[in-house]
Amino acid sequence: MLPLLLAAQFGLQTELLETRARATIYGCNFSDAHAAHIDCVLVEPRGPKTKRAAVIFQHGGGQTMMQYISEAAMLAESGIVSLIIDPPGRGRPNDMQKMNGAEIRDWMFEVASAGSRAIDILIARGDVDPVRIGFAGHSYGANAAAIISARDRRPSVYVLTGGTNQISEHVRTNTSDFWQTYRKRGDLTSDLKQIAEADAANFLPTLK
């Protein structure tokens, strides 16, 4: 069982989903620093609890938390805890066509804030080694990882996959129907200027 402190401090709730030979998988949720509801999947190694390494996974657009269950189960065999998180406001990426630039920018910072909250939870568990935490982000999850890296030095490893260093440029030039439709709405020049405030390029120079 997870410490009751986690429930009180972070609003963390868990439900057992599956028990495997080397891993226990929980569905869970917690509240971020702004009281937003964050869904997650926790994958724990089975066996005696010692100081363990941990990894946070943040998926990208068109993905779900289930994308990383296999990776997390394999990591559990090496004694590593994994926390796979959804972004705040489930389904929000699919609503981006309705957002203006400021709303997209703010949402990207909300995703990063949820990632930092996940780090807080892992450390508060007591069985995670605070100097052996990694953060893996894909697509907009990679953008969130870049933002986190500039202000949170606790993870010792960041893995950024399938992202772009300028999400604003991605929005401006991507030829998918999704972004072509987006570019037809509102004041694109203003939107792109606001989105650019969340570009990974603003934060990556601090990642060493």
Would the distance check show the side chain of Glu169 and the main-chain N or O of Gln166 forming a donor-acceptor pair, the cut-off being under 3.5 Å? no
Indicate yes or no: does Arg46 engage Glu44 in a salt bridge with an N to O separation below 4.0 Å. no
Please confirm whether the backbone N or O of Ser31 pairs with a side-chain atom of Arg117, one donor and one acceptor, at under 3.5 Å? yes
For a quick test of reading the model, state the closest non-hydrogen atom pair linking Val43 to Ala72 and the distance between them. CG2-CB, 3.6 Å
For Gln58 versus Val111, what's the shortest heavy-atom pair and its separation? OE1-CG1, 3.9 Å
Using modelled atom types and a 3.5 Å cut-off, is there a donor and acceptor pairing between side-chain atoms of Asn143 and backbone atoms of Ala198? yes
Please work out which of the three classes, parallel, tilted or perpendicular, describes the rings of Phe135 and Tyr158, given edges at 30° and 60°. tilted
State, yes or no, whether a side-chain contact exists between Val55 and Leu75 at a heavy-atom distance under 4.5 Å. yes
Start with the C-alpha gap between Ile38 and Asn29, add the side-chain angles, then the distance that decides, and say whether side-chain contact (heavy atoms from CB on, under 4.5 Å) holds. CA-CA 5 Å; Ile38 311 297; Asn29 60 74; over 6 Å; no
Would you name the heavy atoms of Trp107 and Pro87 that are closest together and state the gap between them? CZ2-CB, 3.6 Å
Within-4.5 Å side-chain heavy-atom neighbours: Tyr182 and Ile104: yes
Does Phe109 offer a backbone N or O that forms a donor-acceptor pair with the side chain of Ser113 under 3.5 Å? no
Is Ile69 close to Ile84 at the side-chain level, that is, under 4.5 Å between some pair of heavy atoms? yes
Is any side-chain heavy atom of Val41 less than 4.5 Å from a side-chain heavy atom of Ile25? yes
Quick check: closest heavy atoms across Ile119 and Pro155, and the distance to 0.1 Å? CD1-CG, 3.5 Å
Is a salt bridge present between Asp191 and Arg183, judged by a nitrogen-to-oxygen distance below 4.0 Å? no
Are any of the side-chain heavy atoms of Cys40 and Tyr26 separated by less than 4.5 Å? no
For the pair Glu197 and Arg105, find out whether any cationic side-chain nitrogen is under 4.0 Å from an anionic carboxylate oxygen. yes
Does a sphere of radius 6.0 Å around NZ in Lys51 hold more than 12 heavy atoms from other residues, nucleotides or ligands, not counting ones at 6.0 Å or beyond? yes
Check for a donor-acceptor pair, side chain of Thr64 on one end and backbone N or O of Met66 on the other, with a separation under 3.5 Å. yes
What are the two closest heavy atoms between Gly115 and Ile56, and how far apart are they? O-CD1, 4.0 Å
Looking only at non-hydrogen atoms, find the nearest pair between Ser116 and Ile148 and report the distance. OG-CG2, 3.9 Å
What I'd like to find out is whether the side chain of Leu12 reaches to under 4.5 Å of the side chain of Cys28, using heavy atoms alone. yes
Going by heavy atoms in the side chains, are Tyr140 and His59 under 4.5 Å from each other? yes
Under a 3.5 Å threshold, yes or no: a donor from one side chain and an acceptor from the other, between His37 and Asp32? no
For residues Glu18 and Arg20, determine if any side-chain heavy atom of one lies less than 4.5 Å from a side-chain heavy atom of the other. yes
Taking CD in Gln180 as the centre, count heavy atoms belonging to other residues, nucleotides or ligands within less than 6.0 Å. Is the count above 12? yes
